[in-house]
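Everything quoted here is computed from the prediction, not taken from an experiment.
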Amino acid sequence: MSGNRRRPPQRTLAGNRATGDRAGGRRASRQQAPGQGTAHRARRAAPQKKRWIDYPRQNRTGLRRWLPSWRHVLSFLLLFLGATAAAVGYAYATVTIPDPNPRTLLQNNVYYWSDGTVLAADGSVNRQNVTLPQVPADVQWDFIAAENSSFYTDPGIDPQGIARAVFHMAEGGSVQSGSTITQQFVKNTYLDQSQTVSRKFKELLISSKIGASMSKQQILQGYLNTCFFGRQANGIQAAARMYYDLPVEKLDVSQGAFLAAAVNEPSLFQYADSDPKAQARAKARWSWVLDRMVTTGKLTQQQRARYTAADFPTPRKWSAGSGFTGQTGYLVQLARSYVQAHDPAVTDGSLSRGGYQIHTTFDRKKTAKLAQAVAQVRKERLDPAHRQVDRDVQAGAASVDPRTGRILAVYGGPGFDRAHYSDNADTSGVPVGSTFKPVVLASALQHGAVVRPGKPAQPITPSSKFNGDDGIQIKDQQGNYVTDTKDPTGLLHQHNDTDYRWGYIDLRKAMEQSVNTPYVQLGEDVGYENVANTAKSLGLRSGSLAGPSAGFYIGTSTPSAIRMAGVYATFAASGMQATPYSVTAVTHNGSALSGFTAPAPVRALPAAIADNVTDVLRGVIARGTGTKAQAVGRTAAGKTGTTDDYRSAWFIGYTPQLATSVVLFREDPKHPQLQSLVGVGGLQKVFGGDIPTEIWTQYMRDALAGVPDTPFPAPAPLGRGTDEPGASPSATPHKPDHKTDRKKRDTHTAPTRTPWPTGPKCHHHRCR
């Protein structure tokens with residue numbers, strides 16, 4: 001029975017019953033596609049080829065086929081890092097430190113007043129480079145604490161800062177710097193200011209190289225010289241000047257903290273002097289910088305406690321915009337010319353590249369007082385709105401220290417900002433008139449005069465007498481009459497301003513009343529060469545001296561107001577001539593240039609001669625054509641001057657401490673030639689003893705306020721002088737009425753021949 005027992009049905013892989021179940025097998029065969037079973041069995045039997053990168057993944061179906069395994073992720077990460085490292089390594093090996101941007105090499109030129117404060121700066125970039133030792137240590141640490149506390153230990157880049165910047169960019173923010181001081185130095189000096197990934201990558205590479213090739217001191221110095229601080233200031237020196245009017249050496253830790261804060265937001269902090277919002281932000285950042293100084297161990301808590309909000313170092317007032325206003329342009333122009341004249345290596349090209357620091361002799365207070373004096377007298381005496389003739393009146397002035405030759409002040413005109421570029425104090429072309437007579441007198445006292453043809457020169461003193469009458473004929477040293485082609489007779493008939501008959505008068509009186517004829521004849525007797533040499537020894541340039549003529553002795557030469565102030569300064573200094581100069585020192589990129597030592601005074605005249613000239617010129621103010629100058633209220637000497645047709649009017653005067661020249665002339669800017677001053681200020685004629693003397697008096701009174709009234713040296717006797725032939729020792733000159741206008745007699749040619757009004761009933765406008 002057991003042999004006939006039926007076994008349970010068996011299923012194949014295809015899900016059919018055992019082959020014994022033929023019916024089931026046939027059904028399975030009918031369900032399979034032709035050949036399918038064979039191919040399927042072949043695939044399972046054949047070994048699969050192994051791929052280098054199993055992706056998409058084998059033996060996986062659906063989504064798992066496309067998901068990378070941890071091996072894939074690790075492999076990709078290693079591959080990426082390796083490729084990145086290779087690329088960075090290649091970039092680092094091939095990148096070079098570029099040349100600095102040309103603009104970062106530019107500096108401006110800074111001009112300083114005599115007290116060390118900034119007079120002006122010129123150039124396209126407001127920068128003056130300094131060395132690191134010039135920057136106080138506390139100020140250096142201000143910047144390090146604020147910008148990069150690990151500066152002295154990091155390799156030039158800050159990975160944490162970079163990570164913060166990358167994270168910020170990943171969030172969709174703008175590209176951030178994450179920069180160290182080294183990176184900022186690289187950005188300022190070698191790259192542009194664009195915020196791009198490529199520029200940032202280049203910055204990192206160059207910073208790494210810079211960190212390996214330059215010392216930290218060099219990097220910090222370069223950084224401080226290239227930062228922008230607002231107020232058009234590039235570099236810490238310019239910033240110290242613009243914010244605190246100090247050289248960088250004098251900054252303290254509190255001021256340094258403000259500047260370190262300003263680097264962070266210069267466009268706002270530049271207005272911290274006046275804008276409440278800017279000041280509030282600046283105070284907060286300033287306080288934070290000082291706190292950082294405590295954190296970095298550079299300030300103690302006790303030191304930090306000294307700087308409260310009440311101690312905030314508020315910057316000085318500032319307004320946008322710059323330019324040469326007032327007298328600034330003339331002062332800068334004068335200093336530049338002096339520098340170029342004394343150092344041929346300083347050219348227009350080198351000055352345009354900047355880097356010069358030029359220390360001048362100009363006194364800030366005296367310059368302001370001189371400009372004020374000119375403005376005040378112009379306002380009181382001129383009325384250009386109602387008088388056409390007053391519109392083109394110009395003034396020039398210069399003030400010199402007699403002991404040293406330092407040019408202390410000039411007035412060159414209304415200013416560059418008013419389109420007046422010619423310096424009236426340093427221009428030539430305006431005849432000096434009778435202010436040249438003291439030069440003739442000094443030459444005569446020194447060399448004597450040939451008063452008799454064929455005889456040696458005879459000694460001359462201020463008491464020597466010469467013919468003072470109008471219209472006399474002039475003789476030369478050979479006794480021949482001087483010719484004049486313009487005179488109908490063919491001979492020179494020298495004229496005074498009036499035909500008043502002076503007779504033979506001494507040279508002192510002729511100087512006081514500015515009588516021309518004695519000084520023309522005296523000049524001929526002394527000789528052109530002697531007078532010209534005396535003028536040059538007193539500081540006048542050969543090119544400004546007129547040629548031989550009678551007019552030369554009474555002022556046809558055209559030296560500048562500066563040079564004429566220098567001549568009279570020599571008289572004030574008892575004959576020691578100090579050439580007027582305007583620059584005391586020049587540095588270029590921190591190195592001092594040679595050739596700017598102050599000119600040493602030299603003996604131009606014996607002291608006895610110079611002091612006698614001064615004694616004569618004191619009489620001009622005491623009782624002559626310069627009596628208005630008595631208002632200065634102190635011991636002074638001077639001389640008025642007026643030229644032909646009243647085309648210029650001068651007054652030059654001095655005390656032992658200060659010599660100042662003032663010139664007035666009229667010139668249409670569109671037609672540059674001198675015009676007559678007749679009618680200016682409502683006057684029939686303008687003399688040196690009028691408007692120029694008023695300007696001189698007001699300025700000198702203000703400039704010397706508080707200075708002791710020092711007397712001049714007593715003049716040494718010169719002995720007995722020689723008179724012109726024909727003069728009688730007992731002869732006395734005619735004396736004009738005391739109400740006579742003495743100021744009319746300081747010109748060397750008379751346009752009219754009308755008699756001078758005299759007597760108590762005179763109603764002449766100048767006799768009142």
Side-chain angles (χ1 to χ4, degrees), residues 116-118 130-154 158 160-161 164 177-185 216-217 219-221 223-231 233 235-318:
T117 58
V118 173
V130 295
T131 61
L132 191 61
Q134 289 179 259
V135 183
D138 282 343
V139 177
Q140 296 179 35
W141 285 111
D142 278 325
F143 283 85
I144 293 172
E147 295 293 315
N148 183 191
S149 60
S150 63
F151 170 70
Y152 278 108
T153 57
D154 65 40
D158 179 8
Q160 290 183 348
R164 287 193 302 270
S177 65
S179 295
T180 62
I181 283 177
T182 303
Q183 289 174 253
Q184 293 181 63
F185 165 61
K216 291 291 185 178
Q217 289 75 19
I219 294 171
L220 183 58
Q221 175 178 302
Y223 165 77
L224 293 174
N225 281 327
T226 55
C227 282
F228 179 66
F229 291 85
R231 295 196 176 190
I236 192 169
Q237 178 72 290
R241 295 288 186 184
M242 294 301 292
Y243 283 95
Y244 296 110
D245 199 20
L246 291 172
V248 68
E249 295 89 341
K250 294 186 177 181
L251 292 176
D252 60 30
V253 66
S254 178
Q255 294 161 336
F258 174 86
L259 294 181
V263 170
N264 189 256
E265 206 169 358
S267 61
L268 178 64
F269 286 13
Q270 63 184 351
Y271 299 110
D273 61 310
S274 56
D275 184 343
K277 177 183 176 182
Q279 188 167 111
R281 292 275 292 275
K283 281 185 177 180
R285 180 75 179 177
W286 164 79
S287 180
W288 178 84
V289 173
L290 291 175
D291 290 341
R292 289 286 300 160
M293 288 284 282
V294 175
T295 302
T296 57
K298 301 305 175 183
L299 280 182
T300 65
Q301 289 288 357
Q302 292 76 17
Q303 291 171 326
R304 172 67 181 88
R306 299 174 191 170
Y307 303 105
T308 64
D311 302 307
F312 176 69
T314 304
R316 69 187 182 97
K317 295 294 182 182
W318 176 80

Ion pair present between Glu265 and Lys277, side-chain N to carboxylate O less than 4.0 angstrom?
no
Quick check against the 3.5 Å criterion: does Asn148 have a side-chain atom that pairs as donor or acceptor with the backbone of Thr180?
no
Distance-minimising heavy-atom pair for Ala282 and Ala272:
CB-CB, 4.1 Å
Gln237/Leu251 under side chain to side chain contact (heavy atoms under 4.5 Å, CB included): CA gap, chis, key distance, verdict:
CA-CA 10 Å; Gln237 178 72 290; Leu251 292 176; over 6 Å; no
So, the side chain of Asp273 versus the backbone of Pro315: is there a donor-acceptor pair under 3.5 Å, distance only?
no
Measuring from atom CZ of Phe143 to atom SG of Cys227, what distance do you get when rounded to the nearest 0.5 angstrom?
6.5 Å
Are the side chain of Asp311 and the backbone of Thr308 linked by a donor-acceptor contact shorter than 3.5 Å?
yes
N-O pairing of Asp245 and Lys317 below 4.0 Å
no
The test is salt bridge (Lys or Arg N to Asp or Glu O under 4.0 Å); show your working for Arg281 and Asp275 and say whether it passes.
CA-CA 10 Å; Arg281 292 275 292 275; Asp275 184 343; over 6 Å; no
Pair Asp138 + Lys298: basic N to acidic O under 4.0 Å
no
Quick one: do Leu246 and Gln255 satisfy side chain to side chain contact (heavy atoms under 4.5 Å, CB included)? Show the steps, please.
CA-CA 10 Å; Leu246 291 172; Gln255 294 161 336; 3.9 Å; yes
Measure the CG-CZ distance between Asp291 and Arg285 for me, rounded to the nearest 0.5 Å.
11.5 Å
Regarding Ser274 and Trp318, do their side chains bring together a donor and an acceptor under 3.5 Å, going by distance alone?
no
So does Ile144 get a backbone contact from the side chain of Glu147, meaning a donor-acceptor N/O pair under 3.5 Å?
no
Backbone of Ala146 reached by a side-chain donor or acceptor of Arg292 within 3.5 Å
no
Min side-chain heavy-atom separation Leu290-Leu299 under 4.5 Å:
yes
Is there a side-chain contact between Phe312 and Gln279 in this structure, where contact means two heavy atoms from C-beta onward sitting under 4.5 Å apart?
yes
Could you tell me whether Phe151 and Trp141 have their ring centroids closer than 6.0 angstrom?
no
Does a side-chain heavy-atom distance below 4.5 Å link Tyr223 with Thr182?
no
Ignoring hydrogens and geometry, is there a side-chain-to-backbone donor-acceptor pair from Gln134 to Glu249 under 3.5 Å?
no
Ser150 (side chain) donor-acceptor with Thr153 (main chain) under 3.5 angstrom
no
Mind listing the closest non-hydrogen atom pair of Leu259 and Ala239 along with its distance?
CD2-CB, 4.2 Å
Could you tell me the separation between the CD1 atom of Ile181 and the CD atom of Gln184, rounded to the nearest 0.5 Å?
7.0 Å
In a check of ring pair (Phe, Tyr, Trp, His ring centres under 6.0 Å) between Phe258 and each of Tyr243, Phe229, Trp286, which one passes?
Tyr243
If we ignore hydrogens and angles and just use 3.5 Å, is the side chain of Gln270 paired with the main-chain N or O of Gly230 as donor and acceptor?
no
With a 4.5 Å limit on heavy-atom distance, are the side chains of Tyr307 and Val253 in contact?
yes
Side-chain heavy atoms of Val135 within contact of Ile236, under 4.5 Å
yes
Any donor-acceptor pair under 3.5 Å from Arg316 side chain to Met242 backbone
yes
Kindly say whether Thr131 contributes a backbone atom to a donor-acceptor pair with the side chain of Gln221 at under 3.5 angstrom?
no
Between Ser287 and Arg304, do the side chains contain a donor N or O and an acceptor N or O under 3.5 Å apart?
yes
Heavy-atom pair with the smallest gap, counting every atom of Gly256 and Val139
CA-CG1, 4.0 Å
So Leu220 and Tyr152, do their side chains get closer than 4.5 Å, heavy atoms only?
yes
Could you tell me whether the side chain of Leu224 reaches within less than 4.5 Å of the side chain of Leu132, counting heavy atoms only?
yes
